[in-house]
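Let me begin by presenting the structure, written as structure tokens, before commenting on it.
Within every chain, numbering begins at 1; the chains are lettered A, B, ... in the order of the sequence lines, protein sequences first and strands thereafter. These numbers were taken from a predicted model, which means no experiment stands behind them.
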Number of protein chains: 2
Amino acid sequence: MNTELPKTVSEPTLKRLPLYHHFLKELLQREQEAVSCTDIGEELNLDPTQVRKDLEAAGISGRPRIGYATAAVVDGIERFLGWKKVSEAFLVGAGSMGSALLGYRKFEECGLKIVAAFDRDPAKVGRKIHGKHVLALDKLTDLAQRMHVLIGIITVPAVEAQAVADALVAGGVRAIWNFAPVRLRVPEHIIVHNEDLYCSLASLSQKLGQALEANPAEPVTARRLRTATLS
Amino acid sequence: MNTELPKTVSEPTLKRLPLYHHFLKELLQREQEAVSCTDIGEELNLDPTQVRKDLEAAGISGRPRIGYATAAVVDGIERFLGWKKVSEAFLVGAGSMGSALLGYRKFEECGLKIVAAFDRDPAKVGRKIHGKHVLALDKLTDLAQRMHVLIGIITVPAVEAQAVADALVAGGVRAIWNFAPVRLRVPEHIIVHNEDLYCSLASLSQKLGQALEANPAEPVTARRLRTATLS
DNA sequence: TATGTATCGAGAATAATATATTGATATATA
DNA sequence: TATATATCAATATATTATTCTCGATACATA
Ligand SMILES: NC(=O)c1ccc[n+]([C@@H]2O[C@H](COP(=O)([O-])OP(=O)(O)OC[C@H]3O[C@@H](n4cnc5c(N)ncnc54)[C@H](O)[C@@H]3O)[C@@H](O)[C@H]2O)c1
Ligand SMILES: NC(=O)c1ccc[n+]([C@@H]2O[C@H](COP(=O)([O-])OP(=O)(O)OC[C@H]3O[C@@H](n4cnc5c(N)ncnc54)[C@H](O)[C@@H]3O)[C@@H](O)[C@H]2O)c1
């Protein structure tokens, strides 16, 4: 197994790795100990070579004629993606989106533990949502510093997002997961991921529009199945 | 203005267009009637040529030395992305994620109108969430057919997602926006977009891990600002 | 033991995407 | 009117991502 990991891995690869992980966990439960790129590719509708390249990028190698050891791949992906060591996160904005995220278990499997929420609304402060305390906004920066929290999740209205980002950065947060439809301005070294749900919707509706134009009333009779492609 | 639109537009382009749209709407409010690719590129931290190419792909053209007419670009993007004609959608799974989406106004600006929600839980059926009726699951297929609803949004637990997708397809839905962490199997002609929040998280944590390894205690003093890059 | 085959691994070829270059054009200004 | 300049448009190049090719390897089977 190659322990020399390449410095940078492409974004598409990074987004496919969790997919492999998810599928392989299933296989593990079925006690399938080995798996080939072909298997994975067929399940996820991807080129086998692509799968192999992605695994290689994550520093995982297999054996000819055998394939990969399922458990080793699962382990390797988790290690590569940093899911082994749990990172603590603060969530700011305990509204409807924020509450949904607070209750989502899968994040913990991926090494993300939301330890507290913050909100400006006094009615929410002091309450618990999905077992997590909602704290007053003015404690954010100080607590982040003292607890060495490295990840901030922003689920406040768009106009508030920049101020929240500033507070998070002041608290020493190193990565921000932003759900507000705004481009944040942050120092160079801060990692920001924008989760623009409406941008994602954009491509859906554009494609739907085109499909409808090409074929306004597709019959429901076409029944050939395939696995849906990547987002 | 070029009315001959190219058949296919790249996914990255499709995801950048809403960003331009968002920025240009702001400019419109400030009554800035013209804008250059350079301006847009600076705001969003993108190459001006890239911006021009994207606008060209959407069938929008400008004038040398002047730039683009702000209103025309906004209009062009909306038309190209199919935001002008509103599409009706059903949401299935009125849990925490589903409720958040039901209450999100921005989707309507993008031509997506969620007209009803469906849930299996009798305690939820009959109630209203964010002004939208929650209906019984067994009405889904039939209603979708009769109302000619073309978009389905899936926010049920992973194990239920495939069954829901089948029901939506049977109801004549043409596009599915899937929030469950599963690859759906659907007929060829159905458009599926997977919104894998945890895959997105994966790349965030991987990058954070790398950044920490490279520089475990980055000083908070580095203050050079930049606009955050794309998701 | 010899042969066949499924698979990985490495590298080449292709395709997609992003960036750079150059020329054309419309406006401002001398 | 002539010149300078900012900008779009079209083309060319560079970069990145995906797919293909082929040789090496390990197991299965005759
Ligand atoms: N609801 C969705 O489906 C959805 C989808 C995509 C993106 N978003 C984005 O997520 C963000 C939140 O959306 P939502 O629907 O949860 O809104 P919401 O109104 O339900 O919640 C916002 C919460 O943030 C709190 N808040 C406001 N200003 C704050 C501040 N300065 N500091 C701390 N807390 C503050 C409010 O008290 C409220 O609890 C918005 O930017 C929205 O655009 C929402
Ligand atoms: N909560 C999050 O932050 C989050 C984030 C990303 C993805 N997701 C995914 O979204 C989905 C929903 O998550 P959630 O947190 O809202 O869960 P939830 O349990 O809050 O909601 C699920 C809802 O679906 C309903 N339901 C279950 N089976 C159904 C069926 N067959 N037909 C119709 N309704 C059915 C339930 O009654 C419930 O109301 C899950 O697949 C989850 O993985 C959630």
Side-chain angles (χ1 to χ4, degrees), chain A residues 1-17 19-20 24 27 32-70 72-73 76-77 199 203 207 229-231, chain B residues 1-17 19-20 24 27 32-70 72-73 76-77 199 203 206 229-231:
Chain A
M1 175 141 343
N2 175 19
T3 49
E4 293 275 353
L5 301 183
K7 268 115 228 143
T8 57
V9 173
S10 81
E11 195 73 23
T13 295
L14 239 30
K15 294 210 169 152
R16 280 188 299 265
L17 286 171
L19 265 33
Y20 306 152
L24 295 182
L27 291 188
Q32 186 177 322
E33 288 172 8
V35 65
S36 74
C37 291
T38 318
D39 296 341
I40 302 178
E42 257 163 30
E43 168 73 17
L44 301 172
N45 222 236
L46 295 168
D47 189 283
T49 315
Q50 173 111 77
V51 177
R52 203 171 301 130
K53 281 262 193 291
D54 289 340
L55 294 183
E56 190 192 338
I60 298 161
S61 53
R63 280 163 56 201
R65 176 71 219 232
I66 308 294
Y68 296 84
T70 317
V73 179
I77 292 178
C199 290
S203 78
K207 283 178 192 161
T229 53
L230 280 178
S231 66
Chain B
M1 180 152 323
N2 175 20
T3 48
E4 294 274 353
L5 301 184
K7 268 116 229 142
T8 57
V9 173
S10 81
E11 194 73 24
T13 295
L14 238 31
K15 294 211 168 152
R16 281 189 298 265
L17 286 171
L19 267 31
Y20 307 152
L24 296 183
L27 291 188
Q32 185 178 322
E33 288 172 8
V35 66
S36 75
C37 290
T38 317
D39 296 341
I40 300 178
E42 259 163 30
E43 168 73 18
L44 301 172
N45 221 239
L46 294 168
D47 188 283
T49 314
Q50 173 111 79
V51 177
R52 203 171 298 128
K53 279 267 191 300
D54 289 341
L55 295 183
E56 189 192 339
I60 298 161
S61 52
R63 281 163 56 202
R65 175 70 221 235
I66 307 297
Y68 295 84
T70 317
V73 179
I77 292 178
C199 290
S203 78
Q206 199 273 342
T229 53
L230 279 178
S231 68

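Counting non-hydrogen atoms under 4.0 angstrom, S36(A) reaches the backbone sugars and phosphates but no base.
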- prompt: Which letters describe nucleotides 22-30 of chain D, given B = protein heavy atom under 4.0 Å from base, S = only from sugar-phosphate, - = neither?
  reply: ---BBB---
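Nucleotide dC8(D) holds its P atom 12 Å from the CG atom of D47(B), rounded to whole Å. As a whole-Å value, the separation of E56(B) CD from dA10(D) C1' is 8 Å. Taking atom CZ of R16(A) as the reference point, atom C1' of dT16(D) lies 12 Å away to the nearest angstrom. A straight line from OH of Y68(B) to P of dA6(D) spans 18 Å, rounded to a whole angstrom. In this structure, Q50(B) atom CD and dT15(D) atom C1' are separated by 12 Å, rounded to whole Å.
Of the residues listed (V73(A), I77(A), I60(A)), the one engaging Y20(A) in a side chain to side chain contact (heavy atoms under 4.5 Å, CB included) is I77(A), and it is the only one.
One finds the OG atom of S10(B) at 7.0 Å from the CG atom of D54(B) (value rounded to the nearest 0.5 Å). Once rounded to the nearest 0.5 Å, the distance linking SG of C37(A) with OH of Y68(A) reads 4.0 Å.
Counting heavy atoms of neighbouring residues, nucleotides and ligands inside a 6.0 Å radius, atom CD of E33(B) does not exceed 12 of them.
Using a 4.0 Å cut-off between charged side-chain N and carboxylate O, E11(A) and R16(A) make no salt bridge.
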- request: Would you please test I40(A) and V35(A) for side chain to side chain contact (heavy atoms under 4.5 Å, CB included) and show each step?
  value: CA-CA 7 Å; I40(A) 302 178; V35(A) 65; 3.8 Å; yes
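The backbone N or O of K15(A) sits nowhere less than 3.5 Å from a side-chain atom of S203(B) that would complete a donor-acceptor pair.
Between I66(A) and A34(A), the shortest heavy-atom distance links the atoms O-CB, 4.0 Å.
Chain B approaches DNA chain C within less than 4.0 angstrom (heavy atoms of the protein), and the contacting nucleotides run 5' to 3' from dT17(C) to dT27(C).
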